[in-house]
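One structure is given below, encoded as structure tokens.
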Amino acid sequence: MMKLSWVWIVIAIAFLQLVTGFLDFNETELSLIEAYDYGVSKLNYNPLMVGLTFITSAGAKGAVCLDGTLPGYHWHRGYGSGANSWLIQLEGGGWCNNVRTCVYRKKTRRGSSTYMEKQIPFTGILSDKAEQNPDFFNWNRVKLRYCDGASFTGDTENKAAKLQFRGQRIWLAAMEDLMSKGMRNAKQALLSGCSAGGLASILHCDEFRNMFPRTSKVKCLSDAGLFLDAVDVSGGRTLRSLYNGVVGLQGVQHNLPRICTIHSDPTSCFFPQNLISNIRTPLFILNAAYDSWQIQSSIAPPSADPHGYWHECRLNHAKCSASQMRFLQGFRIEMLNAIKGFSQSRENGLFINSCFAHCQTERQDTWFAANSPEIRNKLLEIGILTEQE
């Protein structure tokens, strides 16, 4: 029988060069279909393609995408020893922080199920191949699509712009639907997510735990979700400004953990560094200390670098000057400091490497391959999550 277990704290200081392209400010990941097309998952030449299931009960609950269409997920049913084990992967893809960006977003797969891929490849942690995903290949594996723009936490609307901010309702409707399809009988369940979905897995971790009996083994994994409230190269706080817009526009404050909001402002409580030490459910954080999205879009975005001094460095760390590398190393130290308190709990786990990367669980090359990131002879997949009982 398989059981979830953490290897407690592992921090790598080696530089691993991963190909990371420019990501738009409100787009924190490539979709899986894009990733496959661009060669990110070329190690899996024949990935499992999984169809989109609409949550038909969501409409009556007002649990709809930005444009009012039904939300959906991709589900590959578990079997054998994994029949009663569930992995929920929350899709990432940035945020929208004002009416203009949300109106644009509702005309894409990030805001409307009309534009979502009808099938997506399951790779990395979602793969159905034992040799590529030995611990989860036969679990019930679900990819919940992201179409609200606030990490599944908003609950309001803008009638004038015909925008529905219903991320929290989508989350609840999806969980209720999956419970009715067998998840309520889960012996073990893992809530995971990448990027904006990784932030969502932190925000909803305890809520997810409370959906199951105490006899169920429940844990959470955040991949590239440790977004820092950091100073950018201009001395400003680009990401705080973005989050402030997201929280205010989408009514997020009502769904943030009260243990944080009773003593901090809602925007601060959207930053995971202010939440992780108070999460009661075992949580594993996987992050690159030089997270490529945060460098490109939060630390050194074009808006903070009008003269383009950081242009080459932000896209290719090999072109950074000595002073720029010192600035980035300061960001790395800030990330390590942010998880110090969290790391004291033996229930939690960490895998912080020094890759220039963003999202590592859904990519086969970083999840489980011959040249995957490795610390103390442990590959990412083995070191993070499971071991044989």
Side-chain angles (χ1 to χ4, degrees), residues 58 61-63 71 88 90 92 95-97 144 146 148-158 164-176 178-179 189-193 195-214 216 218-223 225-230 237 239-285 287 337-350:
K61 300 179 176 71
I88 308 299
L90 303 179
W95 310 270
C96 61
N97 61 321
L144 179 58
Y146 179 38
D148 64 277
S151 289
F152 297 94
T153 58
D155 193 7
T156 187
E157 64 181 335
N158 185 307
Q164 293 290 319
F165 303 118
R166 304 299 184 185
Q168 179 72 16
R169 297 191 190 192
I170 291 172
W171 154 258
L172 292 173
M175 294 304 101
E176 182 178 331
L178 292 169
M179 286 290 185
L190 177 66
L191 177 66
S192 66
S195 193
L199 171 58
S201 70
I202 293 173
L203 290 166
H204 289 297
C205 185
D206 283 340
E207 194 176 353
F208 186 67
R209 161 71 269 186
N210 292 336
M211 293 177 180
F212 296 89
R214 302 312 301 176
S216 299
V218 181
K219 298 189 178 184
C220 305
L221 162 65
S222 173
D223 176 8
L226 190 59
F227 296 98
L228 296 186
D229 187 7
R237 292 185 180 271
L239 191 55
R240 170 166 277 272
S241 177
L242 170 67
Y243 277 4
N244 188 58
V246 174
V247 170
L249 178 69
Q250 299 209 34
V252 170
Q253 62 272 21
H254 306 298
N255 297 312
L256 294 172
R258 279 192 51 77
I259 195 169
C260 180
T261 57
I262 58 176
H263 59 77
S264 296
D265 63 277
T267 299
S268 294
C269 295
F270 201 61
F271 280 98
Q273 68 197 80
N274 300 320
L275 303 173
I276 54 177
S277 292
N278 293 316
I279 292 175
R280 301 182 304 277
T281 306
L283 170 65
F284 199 103
I285 291 178
N287 230 93
N337 286 336
I339 49 86
K340 275 186 177 178
F342 168 84
S343 69
Q344 299 306 307
S345 170
R346 291 183 57 83
E347 293 293 313
N348 298 325
L350 296 166

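Sequential numbering from 1 along the given sequence is applied to the chain's residues. Fair warning: this is a prediction, and the values are worked out from it, not measured in the lab.
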[atom1]/[X] to [atom2]/[Y] distance, rounded to the nearest 0.5 angstrom?
X: D155; Y: Q253; atom1: CG; atom2: CD; answer: 10.5 Å
X: T281; Y: N210; atom1: OG1; atom2: CG; answer: 6.5 Å
X: N287; Y: D223; atom1: CG; atom2: CG; answer: 7.5 Å
X: C260; Y: I276; atom1: SG; atom2: CD1; answer: 11.5 Å
X: F212; Y: M179; atom1: CZ; atom2: CE; answer: 3.5 Å
X: L249; Y: N244; atom1: CG; atom2: CG; answer: 11.0 Å

Which pair of non-hydrogen atoms, one from [X] and one from [Y], has the smallest distance, and what is that distance?
X: A196; Y: Y146; value: CB-CE2, 3.9 Å
X: A63; Y: P71; value: O-CD, 3.1 Å
X: G225; Y: I202; value: O-CD1, 4.3 Å
X: S277; Y: G341; value: OG-C, 3.9 Å
X: L190; Y: F208; value: C-CE2, 4.1 Å

Mind checking what makes side-chain contact (heavy atoms from CB on, under 4.5 Å) contact with [X], not counting sequence neighbours?
X: A200; value: L90, S151, F152, H204
X: L256; value: L203, V252, T261, P266, C269, F270
X: L228; value: L226, A230, Q273, Q294, F331, E334, M335, A338
X: S241; value: none

**Item:** R240: salt bridge (Lys or Arg N to Asp or Glu O under 4.0 Å) partners, not counting sequence neighbours
**Value:** D229, D265

**Asked** Which class fits the ring pair W95 and Y243: parallel under 30°, tilted 30 to 60°, perpendicular over 60°?
**Response** perpendicular

Report yes if some heavy atom in the side chain of [X] is under 4.5 Å from a heavy atom in the side chain of [Y]; otherwise report no.
X: F284; Y: K219; result: no
X: Q250; Y: C96; result: yes
X: L199; Y: P272; result: yes
X: Q168; Y: H254; result: no
X: S192; Y: S201; result: no
X: N274; Y: S264; result: no

Side chain to side chain donor-acceptor pair (under 3.5 Å) partners of [X], counting only residues at least two apart:
X: D148; result: none
X: Q164; result: E157, R166
X: N255; result: none
X: N337; result: K340

**Request:** Please collect all salt bridge (Lys or Arg N to Asp or Glu O under 4.0 Å) contacts where either partner lies in residues 242-257, sequence neighbours excluded, each pair once.
**Result:** none

**Request:** Name all pairs fulfilling the salt bridge (Lys or Arg N to Asp or Glu O under 4.0 Å) condition that reach into residues 195-208, sequence neighbours left out, sorted by first residue then second.
**Result:** D206-R280

**Item:** Partner set under ring pair (Phe, Tyr, Trp, His ring centres under 6.0 Å) for F342, not counting sequence neighbours
**Value:** none

